[in-house]
Amino acid sequence: MSVARVAWRPGGNGVLDFSVLDLALVANLSLLLLIGMGPKIALVPFLDATKGFEPARKKKIGTRMVLVGVSAALLLFLLGNFLMNLLHVSAGAVSVAGGIVLMTISLKMITASGHSTETKVADPEDDDHLAVYPLAIPYMLNPAGIVILLVASSKVPDLISWGLVVGIILVVGAFDMLVFRNIEFVAKRMTPTKLVISEVVFGILLTALAVEMLVLGLNGLGVISLGETAH
């Protein structure tokens, strides 16, 4: 079974099975959170939105974006189970909703590759707004991350598991901070050709993940049955 299929199966085992805390669990959760709140999806929108900005201003916006994204991720994980129970929302429904939103983002990554978006340079007082939306959410903390955090919140059985997820969130956040506080160094090594290729490839992979989320969410809701094909 693929990692993604294990990860998103409502009620399934694998990456969301906290009964065994081992290196495989840590590796899978880290990979999923790198996809869900890592720097890749936010990188091109960030470079486009801050085009022409002074390096210090880019660093300020990047720092604010990461702090907001990590804070939102921690809050979402802390309150996710409560919110799902309060609203009577199942993991399957969350997976379907996240898949739909992620697909819109990933398709945009594919179709917009190679076409620079004209972005109006914001006034300094608008920097906080830009860092929060759309950079922190939904680009840095994207739908895949939101789904995995909500579902993980409903499955962690004890404080050790809770601390593990929080620790991975903070490590991924530290990596984000490293990237976006050194965005000038990163940007100089990202040629237009590299950006286009990476956007298309990553967009296709994210579209596949979005489809996986949709299918497994529908399976969790009982709309379809995967049967033995899920193995």
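Numbering starts at 1 and runs along the sequence shown. These values consider heavy atoms only, across backbone and side chains, with no hydrogens, waters or symmetry-generated copies.
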Open item on the list: Taking the basic N atoms (NZ, or NE/NH1/NH2) and the acidic carboxylate oxygens, is any pair closer than 4.0 Å for Arg64 and Asp127?
Closed with: no
TODO: Search all heavy atoms of Ala42 against all heavy atoms of Met65 and return the closest pair with its distance.
DONE: CB-SD, 4.5 Å
Open item on the list: Test of understanding: clusters of I, L, V, M, F, W, Y form through side-chain heavy atoms closer than 4.5 Å, transitively. Do Trp162 and Leu21 belong to the same one?
Closed with: yes
- [ ] Spell out, yes or no, whether Val68 and Leu74 are grouped together once hydrophobic residues are joined by side-chain heavy atoms under 4.5 Å, including indirect joins.
- [x] no
Task: Student check: side-chain heavy atoms of Leu67 and Met177 closer than 4.5 Å - done: yes
Task: Gap between atom CG of Asn81 and atom OG of Ser153 - 0.5 Å precision - done: 5.0 Å
Open item on the list: Tell me which one of Leu75, Leu78, Ile169 satisfies side chain to side chain contact (heavy atoms under 4.5 Å, CB included) with Leu149.
Closed with: Ile169
TODO: Heavy atoms only: give me the nearest Leu206-Ser106 pair and the separation to one decimal.
DONE: CB-CB, 3.6 Å
Open item on the list: When you measure from the side chain of Asp22 to the backbone of Leu25, do you find a donor-acceptor pair of N or O atoms at a distance under 3.5 Å?
Closed with: yes
Task: From CG (Leu141) to CD1 (Ile146), nearest 0.5 Å - done: 4.5 Å
Open item on the list: Please report the interatomic distance CG(Asn142) to CD1(Ile137), rounded to the nearest 0.5 Å.
Closed with: 10.5 Å
Open item on the list: Please evaluate residues Val215 and Val211 with respect to the criterion side chain to side chain contact (heavy atoms under 4.5 Å, CB included), reporting the C-alpha separation (whole Å), side-chain torsions for both, the decisive distance (0.1 Å), and the verdict.
Closed with: CA-CA 6 Å; Val215 170; Val211 171; 4.2 Å; yes
Task: Atom pair CD1 (Ile105) and NZ (Lys108), whose distance is rounded to the nearest 0.5 Å - done: 8.5 Å
Task: For Pro143 against Pro138, the heavy-atom pair lying closest together - done: CD-O, 4.0 Å
TODO: Say whether Leu79 and Leu170 are linked into one hydrophobic cluster, either directly or through other cluster members, by side-chain heavy-atom distances under 4.5 angstrom.
DONE: yes
Task: Any side-chain heavy-atom pair of Ser90 and Leu221 under 4.5 Å - done: yes
Open item on the list: Just so I know, are the side chains of Leu34 and Phe175 near enough to count as touching, which here means a heavy-atom distance under 4.5 Å?
Closed with: yes
Open item on the list: Does any part of the side chain of Leu178, heavy atoms only, come nearer than 4.5 Å to the side chain of Asn182, both counted from C-beta?
Closed with: yes
Open item on the list: Within this structure, what is the CD-CG distance for the pair Glu212 and Asn219, rounded to the nearest 0.5 Å?
Closed with: 10.5 Å
- [ ] Given side chain to side chain contact (heavy atoms under 4.5 Å, CB included), test Val66 with Val179 step by step and report yes or no.
- [x] CA-CA 10 Å; Val66 173; Val179 171; over 6 Å; no
- [ ] Please answer: with hydrophobic residues joined when any side-chain heavy atoms are less than 4.5 Å apart, are Val166 and Leu76 in the same cluster?
- [x] yes
Open item on the list: Would you say that Lys59 contacts Ile183 through its side chain, given a criterion of any heavy-atom pair below 4.5 Å between the two side chains?
Closed with: no
- [ ] Give a yes or no on whether the backbone of Pro157 and the side-chain of Ser161 come within a donor-acceptor separation of less than 3.5 Å.
- [x] no
Task: Leu150 versus Met84, closest heavy-atom pair with distance - done: O-SD, 3.5 Å
- [ ] Could you tell me which non-hydrogen atom of Asp176 sits nearest to which non-hydrogen atom of Met37, and how far apart they are?
- [x] OD2-O, 2.6 Å
TODO: Enter the distance from Met140:CE to Phe46:CZ here, rounded to the nearest 0.5 Å.
DONE: 11.5 Å
Task: Pro45 and Leu135, any side-chain heavy atoms less than 4.5 Å apart - done: yes
Task: Val165 vs Phe18 side-chain heavy atoms within contact, under 4.5 Å - done: yes
- [ ] State, to 0.1 Å, how close Gly69 and Ala136 come at their nearest heavy-atom pair, and which atoms those are.
- [x] N-CB, 4.0 Å
Task: Distance-only polar pair, side chains of Thr50 and Arg57, donor-acceptor under 3.5 Å - done: no
Open item on the list: Go through it in stages, so that I can follow the logic: the residues are Val44 and Met190, the test is side chain to side chain contact (heavy atoms under 4.5 Å, CB included), and I'd like the CA-CA distance, side-chain angles, deciding distance and then a yes or no.
Closed with: CA-CA 10 Å; Val44 172; Met190 293 297 292; over 6 Å; no
Task: More than 12 heavy atoms of other groups within 6.0 Å of Leu86 CG - done: yes
Open item on the list: If hydrophobic clusters are built by linking Ile, Leu, Val, Met, Phe, Trp and Tyr wherever their side-chain heavy atoms come under 4.5 Å apart, do Tyr133 and Ile61 end up in the same one?
Closed with: no
TODO: Please say whether the positively charged group of Lys40, taken as NZ for Lys or CZ for Arg, lies over the ring of Phe202, i.e. under 6.0 angstrom from the six-membered ring centre and within 45 degrees of the axis.
DONE: yes
Open item on the list: Can you confirm whether Val96 sits close enough to Met213 that some side-chain heavy atom of one is under 4.5 Å from a side-chain heavy atom of the other?
Closed with: no
TODO: Please check if atom CD in Glu184 has more than 12 non-hydrogen atoms from other residues, nucleotides or ligands closer than 6.0 Å.
DONE: yes
Open item on the list: A quick test of your reading: do over 12 heavy atoms of other residues, nucleotides or ligands sit less than 6.0 Å from CG of Leu159?
Closed with: no
